[in-house]
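Remarks on the structure that follows.
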Amino acid sequence: MVKTTDSARIADLAAGIRAGARAKLARAITLVESRKPAHREMAEALLQELLPDTGGARRIGITGVPGVGKSTTIDTLGSNLTAKGHKVAVLAVDPSSSRTGGSILGDKTRMAQLAIDPNAFIRPSPSSGTLGGVAAKTRETMLLCEAAGFDVVLVETVGIGQSEITVAEMVDFFLVLMLPGAGDELQGIKKGVLEIADMIAVNKADGEGATRARAAAAEYRAALHILAPRSAVWTPPVVTISGLANEGLDTMWTQIEMHREKTTASGDFQKVRATQKVAWMWSMLEDRMMQALRNNPAVGARLPELEASVRDGRLSASRAVGQIAKLMGL
Ligand code: GDP
């Protein structure tokens with residue numbers, strides 16, 4: 001139960017966030033990221049309170065291997081957008097941060113212009129827990145940012161592993177940045193990334209890189225062409241950009257707006273958002289269940305022995321699961 005003093009604090013935070021107060025937003029994000037059960041409860045109450053104020057942003061995921069130019073591009077794109085009157089939040093999902101203790105994404109120093117822009121807000125990746133846990137916190141932070149009036153939320157992730165799919169599941173549009181390397185690069189790209197991309201932008205299309213970037217773009221176009229279309233209204237375009245020289249970013253943004261218009265008109269936008277919400281409920285539930293399992297003392301006491309028995313082949317995996325479930329009262 002949320003205590004009366006906490007209710008007053010929640011009301012105060014909610015009002016502050018709605019008014020766009022950055023200090024209140026930062027405090028609320030700290031609550032969302034906290035592991036303390038009391039904070040968790042307050043965060044839940046706050047999110048429920050702010051629910052009607054959420055959902056208003058363009059939610060855009062951005063991925064690419066380290067060095068492709070994510071921070072440079074986000075810095076330039078974000079600044080273009082704030083200059084046009086948008087309020088831009090930059091969030092990150094960096095699962096490596098929980099292992100290394102430091103995030104390679106979302107660091108303010110990587111985005112020099114946005115870091116001092118009063119209409120931008122940069123938050124590094126939460127740094128503890130599983131990918132699901134980290135992503136859930138980022139998603140809740142996104143909702144808080146929307147309630148605070150940010151109308152563009154950029155969620156950055158690195159081009160490794162499952163994190164891209166996880167981020168794609170929390171955004172409206174998934175942008176994949178690629179390096180101009182044509183043939184060689186193409187060998188290495190994961191089919192999975194092409195399947196979730198709503199657009200591919202070949203970065204560093206400037207100076208000597210311009211020709212190679214165009215060649216790479218042609219190859220990506222051909223690669224995308226072979227895939228079965230995912231949407232009746234949207235074919236992922238391939239563009240060339242220079243995040244550094246601020247070239248092609250307006251065209252890129254126009255495409256993102258066009259995607260919004262087309263998917264809204266077809267009803268896909270609303271459908272995807274609704275499906276995402278339910279998927280997040282399940283993902284958070286799974287995380288909560290796993291946490292309960294790990295924190296259960298009876299399970300904790302038996303787990304090493306059960307695991308050893310399964311490893312040695314003395315106990316079948318299904319029998320072990322049965323015993324654990326029984327300990328959990330299931
Ligand atoms: P991230 O690791 O994906 O965030 O990549 P960064 O934004 O840190 O960029 C990595 C390096 O590539 C830096 O030295 C950037 O200056 C450079 N870079 C980024 N974008 C461009 C671009 O559009 N053109 C050129 N020539 N270099 C770029």
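Computation of the quantities below employed the complete heavy-atom set of this structure, encompassing side-chain atoms and omitting hydrogens, waters and symmetry-equivalent molecules. Counting starts at 1 for both ligands and their atoms, following the listed order.
In terms of N/O distances under 3.5 Å, ligand 1 is approached by Gly67. The distance criterion of under 3.5 Å between nitrogen or oxygen atoms is met by Gly243 with respect to ligand 1. Note: an N/O pair closer than 3.5 Å links Leu244 and ligand 1 by distance alone. Where the criterion is an N or O separation shorter than 3.5 Å, residue side chain and backbone included, Thr73 fails it with respect to ligand 1. Not a single N or O atom of Glu156, backbone or side chain, sits closer than 3.5 Å to an N or O atom of ligand 1.
Looking at Leu303 and Ile324, their side chains come closer than 4.5 Å, going by heavy atoms from C-beta outward.
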Exercise. Could you give me the CA-CA distance, side-chain angles and deciding distance for Asp12 and Lys24, then say whether salt bridge (charged side-chain N to carboxylate O under 4.0 Å, His left out) is met?
Key: CA-CA 9 Å; Asp12 174 61; Lys24 303 276 181 189; 2.8 Å; yes
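Residues Glu140 and Lys137 are not paired through a salt bridge, judged by the lack of any N-O separation under 4.0 Å between the basic side chain and the carboxylate. Ionic pairing of Asp172 and Arg58 is not present here: no N-O contact between side-chain nitrogen and carboxylate oxygen is shorter than 4.0 angstrom. Salt-bridge check for Glu169 with Arg139: failed, with every basic side-chain N at 4.0 Å or more from each acidic carboxylate O.
In plain terms, the two heavy atoms of Ala197 and Val176 that are nearest each other are CB-CG2, 3.6 Å.
When non-hydrogen atoms are compared, ligand 1 lies under 4.0 Å from the side chain of Asn203 (C-beta onward) but not from its backbone.
Remark: the Ser125 side chain and the Asp94 side chain contain no N/O donor-acceptor pair separated by less than 3.5 Å.
The contact set between ligand 1 and Pro66, taken as ligand atoms under 4.0 Å from a residue heavy atom, comprises 2 (O). Near Thr72, meaning under 4.0 Å from one of its heavy atoms, ligand 1 places the atoms 6 (P), 7 (O), 9 (O), 15 (C), 19 (C), 20 (N). Counting atoms of ligand 1 from 1 in the listed order, those under 4.0 Å from a heavy atom of Val65 are 3 (O).
Not a single heavy atom of Gly209 sits closer than 4.0 Å to an atom of ligand 1.
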